[in-house]
Amino acid sequence: MLPKAELHCHIEGAAPPALVARQAAKYGADISGFIRDGAYFWHDFTSFLAAYDAAASLFRSEEDYAALAEAHLAALAAHGAIYAEFFTSPDHARRAGLSAQAYTRALGEGILRARAKTGIEARMIVTGVRHFGPPSVEDAARFAATCGHPLVTGFGMAGDERAGHPRDFARAFAIAREAGLGITVHAGEFGGPDSVEAALDHLRPARIGHGVRAAERPELLARIAQEGVVLEVCPVSNVALGVFPDLASHPFPRLLAAGCRLTLNSDDPPHFHTDLGREYAVAAEHFGLDEAALAGLTRTALEAAFLDEETRRALLARLAGAAGQPLGAAANPGGKTAAKLGKIH
Ligand SMILES: Nc1ncnc2[nH]cnc12
Ligand SMILES: [Zn+2]
């Protein structure tokens with residue numbers, strides 16, 4: 001199985017409906033407003049965020065979160081993932097009655113359990129929620145900067161990109177950057193190329209969550225390629241949330257052809273009926289990537305991971321061993337490889 005790596009997944013958004021139903025039974029909650037026939041339902045980005053928040057509110061104890069992280073990472077490992085980062089949201093934990101410290105400790109425990117069982121490596125990216133406003137995002141950044149958890153290696157911002165302007169969040173990102181954390185930010189999903197440009201100018205991220213609407217402005221694509229900013233692309237999420245009407249219209253091939261460094265991600269997998277294995281299969285079937293190009297995406301993810309160099313080297317060696325590539329050879333993630341693979345496992 002091709003080794004895979006994921007950089008962009010929200011831990012609360014990764015909760016399978018069956019697990020959420022068990023949590024609801026445990027806490028005597030009604031889930032009929034957002035889960036029906038064993039699946040999440042919502043109809044637009046706003047109602048998606050409401051379903052996401054409702055599911056998150058049913059994870060309330062340290063054990064709830066440890067079990068969620070362990071289950072998420074075990075599922076990823078079963079799809080061939082050797083490395084995963086996930087977004088954490090202290091705001092959601094606090095709203096569910098758990099301190100940011102307890103929440104982070106619990107998720108870290110889940111990571112260790114999953115690593116012991118499957119060998120998967122994982123790290124956490126603390127996020128602020130954009131539509132909760134700058135003071136709340138600054139609180140999240142301060143927590144990320146001071147929590148001292150060894151598996152917290154990045155800071156980011158999710159939520160509704162249409163709320164506020166990136167400059168409003170510059171202080172939060174400066175706090176995180178000065179603490180040595182890797183920086184990523186959601187942009188260019190529901191906001192157009194201006195949103196991506198403003199995020200680059202004001203927040204100086206190493207990676208952008210989505211970024212796909214940069215494809216509407218060729219000069220911006222050239223800048224992203226030239227600066228080596230990595231895009232965390234989530235194709236199935238983009239179609240599910242209506243950013244593009246179908247996979248045939250997704251700009252992934254154009255981003256690749258422009259020389260942008262790309263990775264594949266599932267975002268909030270059960271909400272979009274996807275998983276990391278499906279994202280790689282979609283890239284093969286719909287974007288024409290062959291196995292070497294797919295391995296190149298994994299390699300880009302490992303190169304862009306918010307990770308210590310020793311662990312990065314070990315993971316890159318695992319990938320090179322499995323993909324039959326010499327370590328030093330560029331896997332050419334920006335290449336225009338076209339051969340289709342029938343099936344990617
Ligand atoms: N796709 C997405 N965009 C922005 N914020 C999110 N939070 C969870 N999923 C998200
Ligand atoms: Zn996201």
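For ligands, and for the atoms within them, numbers begin at 1 and follow the listed sequence.
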Next item on the list: Identify which of Gly159, Ala240, Cys9 has a heavy atom lying nearest to atom 4 (C) of ligand 1.
Entry: Gly159
Next item on the list: Name all pairs fulfilling the side chain to side chain donor-acceptor pair (under 3.5 Å) condition that reach into residues 51-60, sequence neighbours left out, sorted by first residue then second.
Entry: Asp53-His92
Note to self: So if I apply the side chain to side chain contact (heavy atoms under 4.5 Å, CB included) rule between Tyr83 and each of Leu319, Leu307, Leu316, which one comes out positive?
What the structure shows: Leu307
Check: Got an N, O or S from His186 under 2.8 Å of the Zn ion (ligand 2)?
Finding: yes
Notebook entry, point to check: Does any N, O or S atom of His210, backbone or side chain, fall under 2.8 Å from the Zn ion (ligand 2)?
Noted result: no
Check: Do Ser237 and ligand 1 have an N or O pair less than 3.5 Å apart?
Finding: no
Hey, are [X] and [Y] close enough for a salt bridge, meaning a charged N less than 4.0 Å from a carboxylate O?
X      : Y      : result
Glu279 : Lys4   : no
Asp275 : Arg278 : no
Glu70  : Lys117 : yes
Asp201 : Arg167 : no
Glu189 : Arg213 : no
Arg207 : Glu85  : yes

Notebook entry, point to check: Would you say Arg177 has more than 12 foreign heavy atoms packed within less than 6.0 Å of its CZ?
Noted result: yes
Margin query: Using a 4.0 Å heavy-atom cut-off, which part of Tyr52 comes near ligand 1: side chain, backbone, both, or neither?
Written below: side chain
Notebook entry, point to check: Which one holds for Asp267 and ligand 1: side chain close, backbone close, both close, or neither close, with close meaning a heavy atom under 4.0 Å?
Noted result: side chain
Notebook entry, point to check: With a cut-off of 4.0 Å, which atoms of ligand 1 are near a heavy atom of His210?
Noted result: 1 (N)
Specify the protein heavy atom at minimum distance from [atom]: its residue, its atom name, and the distance to 0.1 Å.
atom                   : value
atom 3 (N) of ligand 1 : Glu189 OE1, 2.7 Å
atom 7 (N) of ligand 1 : His10 CE1, 3.5 Å
atom 9 (N) of ligand 1 : Asp268 OD2, 2.7 Å

Next item on the list: Using non-hydrogen atoms of the residue, decide whether Phe45 is closer than 4.0 angstrom to ligand 1.
Entry: yes
Note to self: Any atom of ligand 1 sitting under 4.0 Å from a heavy atom of Phe48?
What the structure shows: yes
Item checked: Of the N, O or S atoms in Asp267, the one nearest the Zn ion (ligand 2) -> OD1
Margin query: Can you check the angle at the Zn ion (ligand 2) formed by NE2 of His8 and NE2 of His10? Round it to the nearest 10°.
Written below: 110°
